[in-house]
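Chain A is the first sequence line, chain B the second, and so forth, proteins listed ahead of strands; every chain is numbered from 1. It should be emphasised that the depicted structure is a prediction, and the values quoted were computed from it without experimental measurement.
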Amino acid sequence: MKFTGSIGVSDTVTLTLPDSSAVSARKGETLYEVVGKIGASLQKAALAARLDGEPVDLSLKAERDAAFEVITFDSPGGRDLFWHSASHLMAQAVKRRYPDAKFAIGPAIEGGFYYDIDMKAALSPEDLQGIEAEMEKIVGEDLEVRREEMGREEAIALFDGAGEIYKVEMLEEMPGDSVSIYRQGEFFDLCRGPHVMRTSMLGAFKLLSIAGAYWRGDEKRKMLQRIYGIAFPDRKRLEAHLAIIEEARKRDHRKLGRELDLFSFSNEVGAGLPLWHPHGAVLRYIIERFSTEEHLKRGYRLFSVPHIAKADLYRTSGHLDFYSDNMYSPIRIDEQDYYLKPMNCPSQIQIFTSSIRSYRDLPYRGFEMGTVYRYERSGVLHGLTRVRGFTQDDAHIFCSEDQIEDEIRNVLDFTLYMLDVFGFSERNIYLSTRPEKSVGSDAGWDLATSALKNTLDSGGIGYTVDPGEGVFYGPKIDIKIKDALGREWQCSTIQVDFNLPERFDINFIGRDGAKHRPIMIHRALLGSLERFIGILIEHYGGKFPVWLAPVQVMLINVSEQEAAAAGGVRQRLLDAGLRTEIDGRDESMGYRVRDAIGRRVPYIAVIGKKEIEEGTVSLRKRGENSSKPVSVDDLIGMILADQEAKR
RNA sequence: GCCCACGUAGCUCAGUCGGUAGAGCAUUUGCAUGGUAAGCAAAAGGUCACCAGUUCAAUUCUGGUCGUGGGCUCCA
């Protein structure tokens, strides 16, 4: 069988396959043929073409009958192939330096690759350099990467002989009789492939961090050492990638939170308990106010409930049985146990049941900025995005069964509207189904799950199913958005619940005069203010749109002679509802302008002699490096208009 | 909670192979009265996270606690 085609630097590569389909790659791209599915001579030819840039005749005999693919770094699956090859390279280097190392799994992931390793020596960050040096050496050795197929038993014997207990465990659980391994030099690994053809193709790499990871992700099993890394075909792309990571770090909300004086944590107050400083608190207030108003516009009623409640409430709700791991120890008051509330629902339900409800009251939508306290293990706390006390924009909708889908649709629209307003257009939607630890009948769960699913389907909204990720009382739709470093965070959640109405014996009087059981929809759109603001800070890199900016206008009086005038302008702006500060410090103007720019203030207004005479300010907008005179009235009008434009 | 790393001035970080510490920025004061990304000078500021242990002596070594970072597990 023959492949025909040619590879050349001045050409597009086209390879005609036996079934007469053709594949092609643009010139200058590196080719990674699928090792094992292509003959060795063809591999060599392709490699030679890459190395020498000379046209090569590919009218070569295949050693094996098979279709093959041309994969470049940027083609689908190319990165995975490349990164997985890099993880083999890393494993080989580790093995050379630490002969007792045993390997678990080493896949490509979204931003690179890792390998989980079991070995005696505890790696520290400095050790990574040594491993990198060894990797460079192996790249220089230009080892051929060869695929071998063998029987499963044979493979077990091979890995068992090498002491690779994790590979043996994986092999024993694998279906099928035959497996593939990849060899490069003295190193071999169990692997499905594909890989690059030679180690020299792994142009540029960097080991990023080491971390602990449980074998099989099970916290009861052994903790292995995981090394994370990234690789690219050339140095330039690696540098560019590292620069992006560095750029993202600058937007980290924990860093910006300090720089912009938005929030802090105090050792005295406790881990995971954020303290909102004036600029952060006002940002939070703006979001709360906006959210509350939007809820009122949509027919929600306001709720407000206390931060603690008696144990019985959480016994009835099931929280003590299903959620106690996340609840704090009780507080003893007059011989009774009280708990800090981990969720708002049980308390809010008491408002619904405080009087007899009619079908005319449904859907009954109750909204609250509800603060909850949840125990989070110390190691999971993370800035504002994972805390122990947080405020949810929480609402519970009590409705009849035939209202569910409409209500879900409303909530979904509302959610997407809110995310849009805050500029989050990139989001991933998940449908989470019944978890192991849960209450209620299968029928209820099915009904609730299909209600969510139908709404998504009929809205043509793409989503991923997250099996077993629902809450103990019901399934949910989760919407996740990303932080600066690409980590996904769950914010919005919409949950359908047949169980709490049952447990609390919630009723409404139907048209027929009989009692009926409502269904509850739990939902939080922004999720928690803390997490949401954390991501918001990163999303905007601290450059909040005008309507959110903690300080909208910074007034700078040129000298002390203009201090009174600046005070007068400030009052006019404050009267118009604009958040305005004066920097009247005894510093040079350049210094104060620079400072205001550093604070990402959207409008910097300078007042000097000239401006006082003309009744103007000298306005410099964020992102511009020139200023122009504007009357105070025009300034107010301009800011109000920008504020109205939201995004 | 687990693995690894870390904790020095408000911030960013030096430093002490065991003899109680330094810079820049920020702060305060004085001078300069400034026109759009750092004016000049001086001062003040630290139980070297906390608690034990070893030692003549601990910020430095050991252990524990608290906290932080990267992950794992878990989650808004």
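At a cut-off of 3.5 angstrom, the base of G35(B) holds at least one donor-acceptor pair with the side chain of Glu611(A). For Arg221(A) against C72(B), a side-chain-to-base donor-acceptor contact under 3.5 Å is absent. At a cut-off of 3.5 angstrom, the base of A5(B) holds no donor-acceptor pair with the side chain of Glu126(A). Side-chain to base pairing of Asp586(A) with A32(B): one donor and one acceptor N or O lie within less than 3.5 Å of each other. With hydrogens and angles ignored, a donor-acceptor pair under 3.5 angstrom links the side chain of Arg620(A) to the base of A37(B). Looking at Arg377(A), its side chain comes within 3.5 Å of the base of U73(B) through a donor and an acceptor atom. Residue Tyr214(A) places a side-chain atom within donor-acceptor reach of the base of G1(B), judged by atom type and a 3.5 Å distance cut-off alone.
A close approach under 4.0 Å does occur between a side-chain nitrogen or oxygen of Gln490(A) and OP1 or OP2 of A76(B). Applying the 4.0 Å criterion to OP1 and OP2 of A26(B), one finds that Tyr591(A) has a side-chain N or O inside that range. The shortest distance between the side-chain N/O atoms of His382(A) and the OP1/OP2 oxygens of C75(B) is not below 4.0 Å.
Residue contacts for Gly379(A): at a heavy-atom cut-off of 4.0 Å it reaches a base atom on one of the strands shown. When heavy atoms are screened at a 4.0 angstrom cut-off, Tyr114(A) is found touching no nucleic acid atom at all. Residue contacts shown for Arg258(A) are limited to sugar-phosphate atoms, with no base heavy atom under 4.0 Å away. If you check every strand for non-hydrogen atoms under 4.0 Å, Arg226(A) touches sugar and phosphate atoms only. Lys476(A) comes within 4.0 angstrom of sugar-phosphate atoms only, judged by non-hydrogen atoms across all strands, and of no base. Here Arg374(A) lies in heavy-atom contact (under 4.0 Å) with a base. Heavy atoms of Glu259(A) sit nowhere under 4.0 angstrom from any nucleic acid atom. In this structure, Gly590(A) reaches the sugar-phosphate backbone alone: every heavy-atom distance under 4.0 Å involves primed, P, OP1 or OP2 atoms, never a base. If you check every strand for non-hydrogen atoms under 4.0 Å, Ser627(A) touches a base.
Candidate nucleotides G39(B), A37(B), G35(B) were compared by shortest atom distance to the side chain of Glu587(A), and G39(B) ranks first. Comparing U33(B), G70(B), U73(B) by their nearest atom to the side chain of Ser559(A) picks out U33(B). For Glu560(A), taking side-chain heavy atoms from C-beta onward, the closest of the listed nucleotides U33(B), C75(B), G70(B) is U33(B). Nearest nucleotide to the Tyr228(A) side chain, out of G35(B), C72(B), A37(B): C72(B). Comparing atom distances between the Ile597(A) side chain and each of U27(B), G70(B), A37(B) picks out A37(B) as nearest. Candidate nucleotides U12(B), A76(B), U73(B) were compared by shortest atom distance to the side chain of Val387(A), and A76(B) ranks first. Which of A37(B), A76(B), C3(B) sits closest to the side chain of Met223(A) comes down to C3(B). Nearest to the side-chain atoms of Glu219(A) among the listed nucleotides G70(B), U73(B), A76(B) stands U73(B). Side-chain proximity of Ala211(A) to the nucleotides G70(B), U73(B), U27(B) is greatest for G70(B). Proximity note for Gln561(A) (side chain, C-beta onward) versus G35(B), U33(B), A37(B): the nearest is U33(B).
Distance CZ/Phe544(A) to CG/Leu283(A): 5.0 Å, rounded to 0.5 Å. The line from CZ of Phe113(A) to CZ of Arg79(A) is 14.0 Å long, rounded to the nearest 0.5 Å.
Using N1 to N3 plus N6-O4 or O6-N4 for Watson-Crick, or N1-O2 and O6-N3 for G-U wobble, each under 3.5 Å, C40(B) pairs with G30(B). Both distances falling under 3.5 Å, in either a Watson-Crick or a G-U wobble arrangement, occur for no nucleotide opposite C74(B). Figure legend. U68(B) is base-paired to A5(B); pairs are counted as Watson-Crick or G-U wobble with both atom distances under 3.5 Å. The pairing partner recorded for G63(B) is C51(B), the criterion being a Watson-Crick or G-U wobble arrangement whose two distances lie under 3.5 angstrom. Shown here, U20(B) forms no base pair; nothing in the strands shown gives a Watson-Crick or G-U wobble contact with both key distances under 3.5 Å.
In this structure, Arg570(A) does not pair ionically with Glu581(A), as no charged nitrogen and carboxylate oxygen lie closer than 4.0 Å. Ion pair Arg377(A)/Glu219(A) flagged as a salt bridge, since at least one NZ, NE, NH1 or NH2 atom sits closer than 4.0 Å to an Asp/Glu carboxylate oxygen. Between Glu562(A) and Lys609(A) there is no salt bridge, since no side-chain N of the basic residue sits under 4.0 Å from a carboxylate O of the acidic one. Looking at Asp497(A) and Arg523(A), no side-chain N of the basic residue comes within less than 4.0 Å of a carboxylate O on the acidic one, giving no salt bridge. Between Glu110(A) and Lys482(A) there is a salt bridge, with a side-chain nitrogen of the basic residue lying less than 4.0 Å from a carboxylate oxygen of the acidic one. With respect to the salt-bridge test (charged N to carboxylate O, under 4.0 angstrom), the residues Glu247(A) and Arg251(A) do not qualify. A salt bridge between Glu169(A) and Arg221(A) is present, with a side-chain N of the basic residue lying under 4.0 Å from a carboxylate O of the acidic one. In summary, Lys610(A) and Glu613(A) do not engage in a salt bridge, as defined by a charged side-chain N under 4.0 Å from a carboxylate O. Ion pair Asp583(A)/Arg585(A) flagged as a salt bridge, since at least one NZ, NE, NH1 or NH2 atom sits closer than 4.0 Å to an Asp/Glu carboxylate oxygen.
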When every nucleotide of nucleotides 59-67 of chain B is labelled 5' to 3' by its protein contacts under 4.0 Å (heavy atoms), B for base, S for sugar-phosphate only, - for none, what sequence of letters results?
-------SS
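Taking the nucleotide of RNA chain B with the nearest heavy atom to each of Glu469(A) and Leu123(A), the more 5' of the two is matched to Leu123(A). Comparing Lys480(A) and Ala122(A) against RNA chain B, the residue whose closest nucleotide sits nearer the 5' end is Ala122(A).
Spacing between G1(B) and A43(B) at atom C1', rounded to whole Å, works out to 48 Å. The gap from the C1' atom of C61(B) to that of G22(B) amounts to 23 Å, rounded to the nearest Å.
Under the stacking criterion of a centre-to-centre distance below 5.5 angstrom and an interplanar angle below 30°, Trp489(A) is not stacked against the six-membered ring of A76(B).
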